[in-house]
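Quick note on labels: first sequence line is chain A, next is B, and so on, each numbered from 1. Below, each value reflects all heavy atoms present in this structure, side chains not excepted, and no hydrogens, waters or symmetry copies. Computed from a predicted structure; not experimentally measured.
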Amino acid sequence: MNKNLKEQVLRSSGVNVLKCMRCGKCSGTCPSYDEMEYHPHQFVYMVEKGDIETLMKSPSIYKCLTCFACVERCPRNVEPAKVVEAVRLAAVRQQDGNHLSPDMIPEMLDDDLPQQAIVTALRKYAK
Amino acid sequence: MQRIGVFVCHCGTNIAATVDVKTVAETLGKEPGVVISQDYQYMCSESGQNLVKDAIKEHNLTGIVICSCSPRMHENTFRKAAAAAGLNPYLVEIANIREQCSWIHKEIATATEKAVILGRAAIAKVHLNAPLTAGESPVVKKALVIGGGIAGIQTALDIAEAGFDVDIVEKNPTIGGKMAQIDKTFPTLDCAACILTPKMVEASQNERITIRSFSEVTDVKGFVGNFTVKIKKKARYVDETKCTGCGLCTEKCPMKKVPNEFNMGLDNRSAVYIPFAQAVPKVATIDPNYCMMLKTGKCGVCSKVCSVGAINYKQQDEIIEEKYGAIIVATGFNPISLDKYDEFAYGQSPDVVTSLELERLMNAAGPNGGTLLRPSDKTHPHTIVFVQCVGSRCDDSKGKPYCSKICCMYTAKHAMLIREKYPDTEVYVFYIDVRTPGKNFDEFYRRAVEQYNVHYIKGMVGKVTPKSDGKIDVQASDLLANEQLHINADMVVLAAAIEPDKTARPLATMLTTQMDTNDFFTEAHPKLRPVESATAGIFLSGACQGPKDIPETVAQASAAAAKAIGLLCKNSITCNPCVAHSNELMCNGCSSCEKVCPYGAITYIDKEFRMPDRTTKVRRVASVNPAVCQGCGACTVACPSGAMDLNGFSNSQIMAEVDAICK
Amino acid sequence: MQEAMINKAKQLLADGTVSRVIGWKRGEFAYDITPAVFETAEELEKDFVFDDFTSANVSKYLVKESKKEGKVLVFLKPCDTYSLNQLTKEHRVDRDNIYVVGIPGGPKLDIEKIKAKGITGITSVKNDNFTLKIETLYGEETMPFYEAVLDKCASCKSKKHVTYDELIGEDGDTLESNRFDMVEQLENMTSQERYDFWRSELSKCIRCNACRNVCPACTCENCVFDNPASGIDNKAPADSFEENMFHIIRAFHVAGRCTDCGECSRVCPQHIPLHLLNRKFIKDINSLYGEYQAGADTTSRAPLTDYTADDCEASIVHERGVE
Amino acid sequence: MQVNDNKEFQPLIVAFCCNWCSYAGADLSGTNRLNYPTNVKIIRVPCSCRVNPMFILRAFQKGADGVILCGCHPGDCHYTSGNYFTRRRMTLLFSMLDFLGIERDRTRVEWVSAAEGAKFAATMNEFTEAVKKLGPNRRLEDLRCRKQ
């Protein structure tokens, strides 16, 4: 188990996975359930165990629609969708190499590009 | 001149190992007013106590200070010893040199120094102690039970059995409560009515019990042993003394479209009604919201058909005032409203019902005469899904954070009964955990699984969707099989969380009792005093204190009765003498103290004062009822003039302690 | 205005509505105004005065006067009505025995501020279009009107009468006032600066008890500072601690009850800004427990006799920033 | 102020503890042998709401360097509501002392339950350290009461 990774996921999601009482309502309510290898309740449980790498490798992270049905219905306010999103972010951040380097940016700029998009792109694609 | 004795305890080596007890005794012996200062190995032992007693007599002591363990431990021991030697027990002070000195400090020099200071503070305080005598107040030998469910009935029966008068106040037209609505009881599957209704009859026939049905408590004044309670007897437009309960009026009443509360609104009743056949008292009640006569003045059928002339359209609410010595709260519970749970489609489909509704659907006296039929089309359901923990164990704003405790068992009961009666029905129970602590409870649940083949699936239902063909799609995940399920159900039964009755919160305010954030009454001690409230003379019975099943409720009801009987047996009760008192000469009558008193112990009187010029002047001054005051001291600080002071912890005593410590 | 008030008083005396009148009368000098009780029309004609110096809050006199035989007429400025309400709430006055005629409020003048300009021998003053024309024995002097206004009037919180039986003139509204500016300024100082400020102010205290005696919230039958059994009685501040003690305890005792009438500072012969202590409490109460104006009504619970389960913790004082 | 051999400043701390929670919590820290400094001297009161601001000022007057008030946690008061009143009173009093330039770390309110022996000891250690850092109480002392 990778402790740093767990820390990172917990921090970036802001979720307290220990609040989960394992009722499975998130998975019971999930519209993408059948598409997923790991289901919302498993995300919460596996993050609690620290088994993040398995989740990061799974295509499940891209199957979540972020519809927030699980967040809406969770009786314990655990917010599984935020956990999924945090694992997805962790995977994105770990992708090897830079997709962008700062000096490539000026020529890509145009007036219509929102400032926020540039910052987001850098955060997502640069190391 | 004060003659104070100081007694320093070694507590074996507990104190003596870190505190030089000889030095402490010697140093404190030099304090002003101290005439004898001794140390001894175990002050609390018989011989230690005798040492104290002898010293009191021999030196004619006016106060004693024991330097020993915490006053929470042995204050009473030494007070009793003092009393036995003829010294007022409130002239005893304890300096805590064990828990707050020898046990936490290691260095003998500093620990000894601190022990001396603590001893000095106690001596300074005891100099100002006044002899206090506990007052007595008489006990009215009658109890009030608020709520006429099984808890209230059992409590009332037990109290009456012990020979005391008891009134039951029930807000509904009949006693019986939730248990009267239940079909069968777990884990024995005996019929609820068969065991409850004899008790209801017993209560009505017991000459010591007065049932005040269709009534509410509106005001509570007074204190333990002497409560004055106002009870509103709501107008039922029927003379209870005349009505024979023949039921003719209910048959003839033309207004028949009133949702029947007793059957959870699953069928209708008439505007004049008797809730159910075994109601106690078996008296008709007119519902003013629906009665044509009361609304428009046109009808009067019931009055015409009543052969005894019991109908009285002009009846008014009536306020009765009664005195009681003890009050037992038995206000019970209700299922929570499921309006906020859209995902379970309650309210969207008549075939999604709560468990209490299912009880009525299955009951022989229910809307379908005991045959389980879908409310929508009155057909026999073939697939039934039970959803557990609806609103229980929730951390969100919709539900309750606690486990409702009874749902696991009644669901197993429902599942079993259905499988027994209709073996062609598939029953699914979606659970998070199955909790069955109780005698024969787990065996019962296992029978549902093993003998009746009820499908228990671990996983919460995510979504319930009524379909156009009348079926209901239940979407859930099976956590153990790791798959998502869709069940095509005919009926869905929701195990709604239970919550305290809505009348409990205003009642708690009237009674000045404590409640937790969920509106359950708080017991005086969670382990050792589970049926008493923190307010003396108020006891708790049944689910108003926390979720409970019937056997637990009955056990607590009898326990509350026992506690109440213990109080009613006494002719008078001894009061705590460490209470507040107001110096009338200084009191401004400003009402600040009254506002902060949690017990309503302070009232105002107009008192006549003789002025220096021989005239008299009437002034409003505060007066503390010593039987009600619990001695917290909130009033003493609220009082700007310093007129309010507290016996045993007076302003001057505490300041003397401060001075002694800071000297 | 004075004329109208005298006429109103005479009328109410004549028709038996009231048997005495609380107002003001002139002392030795034009600016030397003192509260007074009048019982006849003649007394009123002779002595009753209402002008720019009649700033005293007479509500406290009602504690005694309202308990005497017969109804008492009292003229109250808007700020004084708050005090009366507070006294009514605390059962210190018999409201049924009082006939309140609401009169317009200030701004009233501070004689000390005029004298500070070096103007002496004052015989009368007149507000002429915000210039104060002062007749003196040595001729006429002028100064800007607002420079002579009492501090308590300069930060007026309300022109609205919260209780009255009758009004002379129009009723006003509550105002946005700057009354917490000075408190805020002190709060922004360092602890040492604040300490120095208050030491220099409170060390002037001579314990004349003027602040206590004028305060409409200080109506105790027997003040704790006069009670040897209270453990804090003292007659004169022998030491810096006792100077602090008196004013802290006094402010605490009136906390949540003080209507901010400003009389304590007005009467202080040493010019200690005592109202700042009360305003500090008012400001804290407003910000921590919700806006509360003592005396605005006669039924609400005072902040110190009330609570909510989610009140802030006392540590909020420590969290306000570390110096 | 106490003087001990190494001449380190030893503050005098007065702790007012409510009988039902904090005093019992202090007893528990004794039972569990959890050390806290001898500087702390406890005065037992029935409820934290019994503590009059006058007592606190009196302690400072007579030479205390810090005063701490302990009561049941909000909602757990033995007398239902006492500590809620305490909380308001002390918030305002402490704010006033701060306003007068008295060091704010000399006063504190802490909620300690009967089960929190460890918290009691930790609180007292921490508070004593904080007061020690401030040095002797000079801004709110009565010179006549100063010990040599």
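Proximity of a side-chain donor or acceptor of Lys458(B) to a complementary backbone N or O of Gly24(A) within less than 3.5 Å is not detected. Between the side chain of Arg393(B) and the main chain of Arg76(A), no donor-acceptor pair closer than 3.5 Å is present. Proximity of a side-chain donor or acceptor of Gln484(B) to a complementary backbone N or O of Ser27(A) within less than 3.5 Å is detected. A donor-acceptor pair is defined here as one N or O able to donate and one able to accept, closer than 3.5 Å; such a pair exists between the side chain of Asn77(A) and the backbone of Asp395(B).
Counted within 6.0 Å of NZ on Lys19(A), heavy atoms from surrounding residues, nucleotides or ligands total more than 12; the atom is thus considered enclosed. By the 6.0 Å contact criterion, CD on Glu37(A) is enclosed, its count of non-hydrogen atoms from other residues, nucleotides or ligands being greater than 12. Residue Tyr45(A) places its OH atom among 12 or fewer non-hydrogen atoms of other residues, nucleotides or ligands, all under 6.0 Å distant.
In this structure, Gln475(B) CD and Cys30(A) SG are separated by 8.5 Å, a value rounded to the nearest 0.5 Å. Taken to the nearest 0.5 Å, the NE2 atom of His41(A) stands 6.0 Å off from the OG atom of Ser477(B). Residue Leu479(B) holds its CG atom at 13.5 Å from NZ of Lys25(A), rounded to the nearest 0.5 Å.
For the pair Lys398(B) and Glu72(A), the tightest heavy-atom approach, listed with the atom from each and the gap, is NZ-O, 3.9 Å. Taking both residues in full, the closest heavy atoms of Ile432(B) and Cys23(A) are given as CD1-CB, 3.2 Å, listed atom of the first, atom of the second, then distance.
In this structure the side chain of Glu343(B) never reaches within 4.5 angstrom of the side chain of Thr29(A), judged on heavy atoms.
There is no contact between Cys70(A) and chain B, counting heavy-atom distances below 4.5 Å. At a 4.5 Å heavy-atom cutoff, the contact between Asn482(B) and chain A is made by backbone and side-chain atoms alike.
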